[in-house]
Amino acid sequence: MALLSDLINLDLTDSTPKIIAEYIWIGGSGMDLRSKARTLSGPVDDPKKLPKWNYDGSSTGQAPGEDSEVILYPQAIFKDPFRRGDHILVMCDAYTPAGEPIPTNKRCAAAKIFSSPEVEKEVPWYGIEQEYTLLQKDINWPLGWPQGGFPGPQGPYYCGIGADKAFGRDIVDAHYKACLYAGINISGINGEVMPGQWEFQVGPSVGISAGDELWVARYIIERITEIAGVVVSFDPKPIPGDWNGAGAHTNYSTKSMREEGGYEVIKKAIEKLGLRHKEHIAAYGEGNERRLTGRHETADINTFLWGVANRGASIRVGKDTEKEGKGYFEDRRPASNMDPYVVTSMIAETTLLWNKS
Amino acid sequence: MCDLPSDCFSINGTHSSPPKHSLKIFEIIIFKMALLNDLINLNLTDSTKKIIAEYIWIGGSGMDLRSKARTLPEPVSDPKKLPKWNYDGSSTNQAPGEDSEVILYPQAIFKDPFRGGNNILVICDAYTPAGEPIPTNKRHAAAKIFSRPEVEKEVPWYGIEQEYTLLQKDINWPLGWPQGGFPGPQGPYYCGIGADKAFGRDVVDAHYKACLYAGINISGINGEVMPGQWEFQVGPSVGISAGDEIWAARYILERITEIAGFVVSFDPKPIPGDWNGAGAHTNYSTKSMREEGGYEIIKKAIEKLGLRHKEHIAAYGEGNERRLTGRHETANINTFKWGVANRGASIRVGRDTEKEGKGYFEDRRPASNMDPYVVTSMIAETTILL
């Protein structure tokens with residue numbers, strides 16, 4: 001109803017200096033996002049100036065009922081594309097009242113890695129390609145697919161247009177502008193190989209902010225699908241069979257890799273990643289074994305393989321990087337449901353802090 | 001002839017489906033709604049100094065809100081300057097037909113988020129022509145308690161967490177629930193997002209901004225444990241204004257669900273079984289509790305509340321026995337127990353308060369359909385006057 005949207009879109013700046021801050025955190029499954037809002041007395045742009053808050057951890061699988069308070073520490077602010085004005089989204093992480101990160105809080109350990117001097121001086125950049133699938137509500141079948149059936153085989157859908165090839169573009173385009181509005185470093189979008197599947201990219205982001213930005217971009221997409229009446233899935237292999245899975249390829253470079261002679265540094269880094277392949281795979285997302293089969297532009301989960309311009313590899317180096325002798329590389333192993341705090345910090349840790357001994 | 005754009009072109013460049021006839025009706029409806037909204041949203045400030053005042057009162061059940069509007073010659077910001085009014089009490093179960101006038105005394109003004117401009121909402125309470133509060137008028141006695149010197153000097157603060165459930169119109173089944181069935185069990189919905197977890201956010205967000213616009217001290221909102229259930233918080237408010245603000249917020253919420261075509265329920269246990277109930281947890285502090293040594297004052301206050309548990313429970317909302325079972329984050333209705341960070345207690349003290357030795361506590365017993373005038377004044381009475 002138009003009158004409801006008049007209220008939702010009320011511009012309060014002439015009525016009150018108060019603003020609304022939506023505090024966002026990750027729930028007990030490690031993938032479910034939660035949020036609630038509070039009123040603040042005026043605009044805030046520094047997360048250190050935001051008050052800590054708390055929530056009922058017993059309702060999210062993160063605390064027992066008799067001692068249920070979990071504390072939220074504000075870590076990053078973004079403009080709220082839904083409420084606009086001076087209202088904000090706040091990405092938080094969760095701690096016990098005693099100040100310890102709770103088990104599902106992966107940001108705290110990642111932040112430690114990113115603030116170690118060896119990592120800080122290498123200014124690690126990340127570009128994350130987040131793939132996701134849109135599903136019809138209630139039946140949980142991909143958007144645009146006939147109920148009880150399948151669309152024509154993959155081929156026409158990658159970057160496709162037209163009502164028979166692109167399903168859900170409204171959501172994707174709304175998300176793109178909403179993220180730009182919010183201040184997220186969203187660098188692009190494209191329709192994916194499987195119909196109903198899309199991708200957006202965030203980056204280059206430095207260190208811990210890659211994780212913050214990706215989580216808030218995920219929050220915004222799920223809020224938008226909520227409006228659209230559609231369900232978003234980050235499952236890495238939503239439809240078994242001859243249909244692509246969904247990944248979160250993570251592009252990475254350090255200062256040394258971006259400078260003269262960087263290609264040698266890249267090769268050494270890839271070698272280290274190869275020696276810790278099992279550890280990385282274990283942290284790269286649940287259910288990834290259904291996706292990393294060696295088919296559908298993936299490398300088999302048990303194999304570590306790298307190559308220039310090779311989409312069937314675990315790690316792909318772009319032709320530009322090989323040609324210029326410096327640049328970045330792409331870790332294609334992470335699943336769409338990976339935790340970016342874990343993946344980004346682990347790549348930094350293995351390539352910058354870890355010793356082969 | 002092109003009366004409307006749809007006369008001149010067809011959808012998708014084909015004439016096959018949908019039938020042009022029904023599409024034309026749909027477009028006419030949209031077109032006329034737009035005209036109606038232009039009128040609803042008219043800004044009168046350049047046409048006239050007159051304003052519209054919507055007088056709001058509580059009806060005969062103690063929970064049904066009623067309102068009607070009148071024109072005033074110019075803007076008013078002080079309730080004492082508003083004229084008294086009256087209504088037909090025989091139509092709200094508050095007076096007999098032969099002597100039906102009930103007098104409305106304006107008590108609090110809020111900006112009208114529906115009419116905008118200088119138009120106002122007015123919270124009133126109801127009196128006989130002789131000046132006596134009618135039986136359903138709970139504000140009057142509450143105001144007396146709050147103006148007692150011992151209470152006034154303690155500056156009692158209230159933060160009320162109003163839970164409510166959105167229902168689909170006509171079938172009265174929660175919003176987002178399949179007709180004749182149930183959603184997946186509780187777990188994903190508390191503060192959840194997504195079309196399969198959050199039902200009715202438009203109503204909640206419209207309400208948040210509308211209350212801020214109105215001047216209500218709304219401090220936050222969140223999705224609740226049961227899908228289709230939400231919560232907003234009002235406070236900290238001092239004394240009698242806590243009740244005025246909650247009633248105004250409830251009024252605005254029901255006007256918004258009216259627009260949205262949903263029904264709002266304040267029933268404390270709308271769905272029996274393994275589904276959370278709805279409460280109105282009332283956070284409370286006095287000046288002494290907020291100062292050094294406050295934690296001892298808090299403990300004494302909680303002790304006094306424990307001694308009057310039955311009296312409070314009787315005044316904390318109809319049907320509360322269906323909700324206060326000891327499960328679903330409640331304490332059993334017959335048990336009085338308090339604890340730090342304990343959501344299964346009657347009264348919960350936050351960790352911050354325990355740590356800092358001062359602060360506030362949360363009475364978790366009131367049901368969502370409690371009368372805030374009754375609950376806030378009774379807590380003040382028990383802890384300060386008795």
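To find a chain, count down the sequence lines: A is the first, B the second, and so on, and within it residues start at 1.
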Task: Residues which pass ring pair (Phe, Tyr, Trp, His ring centres under 6.0 Å) with B:Y213, listed by chain and number, not counting sequence neighbours - done: none
Would you indicate whether [X], at its atom [atom1], is surrounded by more than 12 heavy atoms from other residues, nucleotides or ligands within a distance under 6.0 Å?
{"X": "B:E356", "atom1": "CD", "answer": "yes"}
{"X": "B:W157", "atom1": "CH2", "answer": "no"}
{"X": "A:Q136", "atom1": "CD", "answer": "yes"}
{"X": "A:I161", "atom1": "CD1", "answer": "no"}
{"X": "B:F110", "atom1": "CZ", "answer": "yes"}

- [ ] Output every pair passing salt bridge (charged side-chain N to carboxylate O under 4.0 Å, His left out) with a member in residues 18-37 of chain A, not counting sequence neighbours, ordered by first then second residue.
- [x] A:E22-A:R83, A:D32-A:R34
Open item on the list: Can you tell whether the side chains of A:R223 and B:D205 come within less than 4.0 Å, N to carboxylate O?
Closed with: yes
- [ ] Decide yes or no for A:T39 and B:Y208: does some side-chain heavy atom of the first lie under 4.5 Å from some side-chain heavy atom of the second?
- [x] yes
- [ ] Supply the atom-to-atom distance B:I259 CD1 to A:L3 CG, rounded to the nearest 0.5 angstrom.
- [x] 4.0 Å
- [ ] Examine whether an atom of B:N41 lies under 4.5 Å from a heavy atom of chain A, and if so say whether it belongs to the side chain, the backbone or both; otherwise answer neither.
- [x] side chain
Task: Heavy-atom proximity to chain A below 4.5 Å, by part of B:I40 - done: side chain
Portion of [X] that has a non-hydrogen atom of chain B nearer than 4.5 angstrom:
{"X": "A:S29", "answer": "neither"}
{"X": "A:V232", "answer": "neither"}
{"X": "A:D138", "answer": "neither"}
{"X": "A:L12", "answer": "side chain"}

For chain A, which of [options] has the most heavy-atom pairs under 4.5 Å?
{"options": "B:N222, B:L36, B:I221, B:V225", "result": "B:I221"}
{"options": "B:V203, B:D352, B:L212, B:V340", "result": "B:L212"}
{"options": "B:E329, B:R201, B:R348", "result": "B:R201"}
{"options": "B:H207, B:E231, B:R351, B:Q233", "result": "B:R351"}

Open item on the list: Looking at every non-hydrogen atom in both residues, tell me the closest pair between A:L7 and B:A210 and how far apart they are.
Closed with: CD2-CB, 4.2 Å
Task: For chain A, which residues of residues 179-188 of chain B have heavy atoms nearer than 4.5 angstrom - done: B:G187, B:P188
TODO: Count the heavy-atom pairs under 4.5 Å between each of A:S15, A:S58, A:S35 and chain B, then report the option with the highest count.
DONE: A:S35
Task: Residue, of A:T16, A:V230, A:I20, that accumulates the most heavy atom pairs under 4.5 Å with chain B - done: A:I20
Open item on the list: Under 3.5 Å, is there a donor on one side chain and an acceptor on the other for A:S59 and B:Y189?
Closed with: no
Task: Listed partners of A:V70 passing side-chain contact (heavy atoms from CB on, under 4.5 Å), at least two apart - done: A:Y55, A:A63, A:A94, A:I102
Open item on the list: Tell me if a side-chain donor or acceptor on A:E226 pairs with a main-chain N or O of B:G194 at a distance below 3.5 Å.
Closed with: yes
Task: Check: B:Y190 side chain, A:D56 main-chain N or O, donor-acceptor pair, under 3.5 Å - done: yes
